[in-house]
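First the structure, in the form of structure tokens, and then the observations on it.
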Amino acid sequence: MAGSNGIEVEDLVREFKGGLRAVDGVSLRVCEGEIYGFLGPNGAGKSTTVLMLTTLLPITAGTATVAGFDVARQGPLVRSAIGAALQEAALDPYLTGTEHVRLQAALHGMPRKEGRRRGDELLERVGLVEAAGRKVGGYSGGMKRRLDLALALLHGPEVLFLDEPTTGLDPQSRQALWEEVSRLATDEGVTVFLTTQYLEEADALADRIGIIDDGKIVAEDTPEALKAQIGRPSVEAVPQDPAELESLGDVLGRFGSPVAASSGAVAVRLERGAGELAEVVRALDGAGVGVSSLRLDAPTLDDVFLEKTGRSLEGESEDAAEETPA
Amino acid sequence: MLFFSVALAVARRQVYRVFTKLSFFLPSLFPVLFFLAFAGGLTRVGEVPGFDFPAGYEAFQFVWVLLQAVTFGGAFTGFAIAGDFESGFARRLLLAAHRREGIILGYILASLVRVTFTGLLVAVSAYLVGMQVLGGGVDLFGLVGLALLLNFSATLFATGIALRLRTQQASPLIQTPLFLMLFLAPVFVPMPLLEGWIEAVAAVNPLTFLLEAGRSLIIGEPAGVWFAYGVGAALALVLLGWALTGLRRAERSGS
Amino acid sequence: MSRAVLLQVLYLSRRSVLRALRQPATVGPALVFPLLLLAVYASGLGPASGLEGFPGDSYLDFIFAFPLVQGAVFAAISAGTDLARDIESGFLSRLSLTPMRPVALLAGLLAGVVALGLFQGVFFLAVGLLAGVEVQAGLLGLPLLVLFTVLVGLGFGGIGAILALRTGSGEAVQGSFPLIFVSLFLSSLLFPRNLIENDWFRAVATVNPVSYMVEGIRSLIITGWDLQALALGFGATGLLVAAGLFGAAASLKTRMARS
């Protein structure tokens, strides 16, 4: 099953003082060269899982191997096989980018020459050559993230952990980071374990997704398969005459239960799938309700999350993003 | 009325923080330490020829420590304001308050509560160490008034800097001038016994006037008190302008 | 120590020093404030040197131990604060993920303190000599004075590291500043023990190891080679260093409880 360079987790538990189970029996497998997206709202247990897998937090119960090494018993071997970008700004504002890279190389015990070569190469790859001589305190959020990534990659890890790598980044920086992560997995066979609270990110990047809520994995599969589990698309319609919004709702209501819609529109999840669309049009015609727009939406990961947990992730992640400014 | 409700809201939050957050609370104990170290260890300094202070060295030091306490009470209020701007909390205050001068009044009130607490602590420790007070009620009232005036000025000074810089970096800029003012004064011995260049600086330091007036009050032989009140009031007035223009700057910066 | 560990220590100490030098707002006051207070004490308490039983004939000579000790404590507190910030920002976690030996981290941090202490010691001594401080122990006493400063800084640096590692909060380390200052002031730092009138104060100063550190330093300046004072001074300093290092190493082990 999972290659020796992947991640295997069985019934992982982390209990904090006072009995709070931040991680409550998580099992998962990540294959070599795979990008695994760990999706969940704030406080779901994502970071706690990462801390345990990176040997920074002792495990309460369960087992985990990373790159073929036991996390609980082979800490040093695990650490030498992994790279991690754990949280925002885990950098020294008073050191320059180059100094960070040199320090990291020394701590990994890399020969000086190799450390320099590899460091310069990585700084170039993450687009920080020009900024390398400047103190990190003056970097933007995106630059810090990129430096963080370069440092995590310096010693050529087989498994890379990224804990919410794009929180607080602008769309452009986010896109650039996604591309680099994809490239690492595809071209270099690096296994990537990525936590995120952004559906879009998990959808775009991950080969497989685990949805975690309240310390437990509630769903796990490829993004496509997860969405297929929901199976049924939703249809959203805007009436030609805004006064007809209610009668429009009545007609659509015959085809399924209502879901969130844009303002001035009505949306329902089609009970019997996309095939019903033609009937919807006929019914509207029959009822004499004119529509100015009619749209079929494929199920999203948010629908999956809603189905599994009864809550919407989108709303939560918006709030969370506001509370943690970059 | 809006003015006072804003002031009270700001003051309430600030006072609450001082007494619930250890890192805010600990510094208010600092003056007690100064008093114990200076008044406790240096009593023999009172025997130096030319040192003429009938109430003894504890009372002599008490006045300085009291003024030190109220000055630094103001400085710490400045630190808190700078921290509020750095965390973005101050933006919320500026948005919510219609009469923003009320924000400054709120911080001043909180500073007053804080130094009242610290002042009482110092007074209690002084009493425990056996400090003699020769002045009567009116004299002590005068001493407290001087201290409050100084606290008011120091708070306004610190507020003005905090509102201009709006980051924690403001701390040294608030602390250093106040520190210099406090120490470049007749701290350990009366003015005539000071030696060297510090004597020249102390002669023009406004704190010197407040300090000497305060000491004259505690022995019940008031001297230069009205002048000291004048110096304090002038200082407060100038610094009020400094704080208010700082508020305008903060408003203009949009943060 | 292997070559790799040496290299780690080298880079980590380099970082400590660079970080300190790049925060002039921290280094500046650490150099200026002790000298300023020295001037204040010398000016205000100068007349006290005329009291009967006062050691030596100049209060400036007497109080000169003050900037040396205070500067060392400043450097130690800022090193502790820096370490706490590393914990807050997650930088320590990043270091924990490398094969770095914890001892390298501690050595790097303290090497930074030692470097700054060395610089401060030399600087204060130079200023003091220019201002008229006379060191009775002569030329040979000067390096010993600097050594004292460095060791005191190392000892308090260990305490700062313990606070940082236990609390993981820069604010808490800064907040403990007053407590450390209590230990400085409730000693014979400002006034000779034989002239302290209050019994409770004299008792506290007598059991406070800071008194012996200060008196050891002071003996080199006002007495010359007083072996007893030096032995007590180095003994007290050595104890502080040992306690600081041992405690810091233990705290680091707990903090970096990686598997």
Side-chain angles (χ1 to χ4, degrees), chain B residues 21-51 57-58 64 79 83 128-130 168-173 175-176 179-180 182-202, chain C residues 23-26 28-29 32-33 36-54 58-60 131-132 167 169-202 204-205 211:
Chain B
K21 215 169 153 205
L22 196 64
S23 60
F24 280 48
F25 180 72
L26 273 182
S28 57
L29 305 180
F30 222 157
V32 177
L33 159 69
F34 267 120
F35 182 75
L36 292 180
F38 292 169
L42 302 174
T43 45
R44 288 287 300 272
V45 175
E47 293 170 21
V48 163
F51 196 117
Y57 199 71
E58 285 87 0
W64 183 82
F79 301 165
L128 290 177
V129 188
Q168 305 266 22
Q169 315 279 340
S171 303
L173 284 179
Q175 220 167 345
T176 311
F179 184 87
L180 292 176
L182 282 168
F183 277 94
L184 298 180
V187 181
F188 301 106
V189 290
M191 230 3 226
L193 288 182
L194 274 187
E195 294 177 351
W197 59 271
I198 289 189
E199 189 193 347
V201 181
Chain C
Q23 298 180 76
T26 313
V32 174
F33 273 57
L36 189 84
L37 282 171
L38 173 72
V40 168
Y41 292 137
S43 159
L45 295 171
S49 60
L51 291 171
E52 206 188 312
F54 196 91
S58 141
Y59 189 80
L60 178 67
T167 65
S169 142
E171 249 188 341
V173 177
Q174 291 276 344
S176 62
F177 200 54
L179 294 177
I180 291 184
F181 261 70
V182 173
S183 70
L184 291 194
F185 280 111
L186 296 182
S187 73
S188 53
L189 186 59
L190 294 183
F191 227 56
R193 267 189 290 152
N194 58 331
L195 293 184
I196 295 173
E197 277 180 327
N198 282 312
D199 292 337
W200 66 267
F201 197 110
R202 201 171 50 245
V204 172
S211 292

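Order of the sequence lines fixes the chain letters, A, B, ..., with proteins taken first and strands second; residue numbering starts at 1 for each chain. As the structure is a prediction and not an experimental result, all values here were calculated from the model.
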Hey, are the side chains of B/Thr43 and C/Phe201 touching, using non-hydrogen atoms and a 4.5 Å cut-off?
no
Looking at C/Ser43 and B/Glu195, what are the two nearest heavy atoms and their distance?
OG-O, 2.7 Å
Separation of B/Phe34 CZ from C/Phe185 CZ (nearest 0.5 Å)
5.5 Å
Closest approach of C/Glu197 and B/Glu47, non-hydrogen atoms and distance?
OE2-OE2, 3.1 Å
Heavy-atom distances under 4.5 Å only: say whether C/Phe33 touches chain B with side chain, backbone, both or neither.
side chain
If you look at every heavy atom in C/Pro47 and B/Val48, which pair is closest and at what distance?
CB-CG1, 3.4 Å
Indicate yes or no: at least one non-hydrogen side-chain atom of C/Val182 is less than 4.5 angstrom from one of B/Leu36.
no
Let me know if B/Phe38 has heavy atoms under 4.5 Å from chain C in its side chain, its backbone, both or neither.
side chain
Relative to chain B, which of C/Leu36, C/Val32, C/Val204 shows the most heavy atom pairs under 4.5 Å?
C/Leu36
Under 4.5 Å from a heavy atom of chain B, the part of C/Leu37 involved:
side chain
Side chain, backbone, both or neither: which part of B/Leu33 has a heavy atom under 4.5 Å from chain C?
side chain
B/Phe30 portion near chain C, given a 4.5 angstrom heavy-atom threshold:
side chain
Pair count under 4.5 Å, heavy atoms only, with chain B: among C/Ala205, C/Gly46, C/Gly28, highest is C/Gly46
Proximity breakdown for C/Leu195 and chain B, heavy-atom pairs closer than 4.5 Å
both
What distance do B/Phe188 atom CZ and C/Tyr59 atom OH have between them, rounded to the nearest 0.5 Å?
7.0 Å
Taking all heavy atoms of C/Ala39 and all of B/Trp197, pick out the closest pair and write down the distance.
CB-CZ2, 3.6 Å
Do you know which two heavy atoms are closest between C/Leu51 and B/Val45, and how far apart they sit?
CD1-N, 4.5 Å
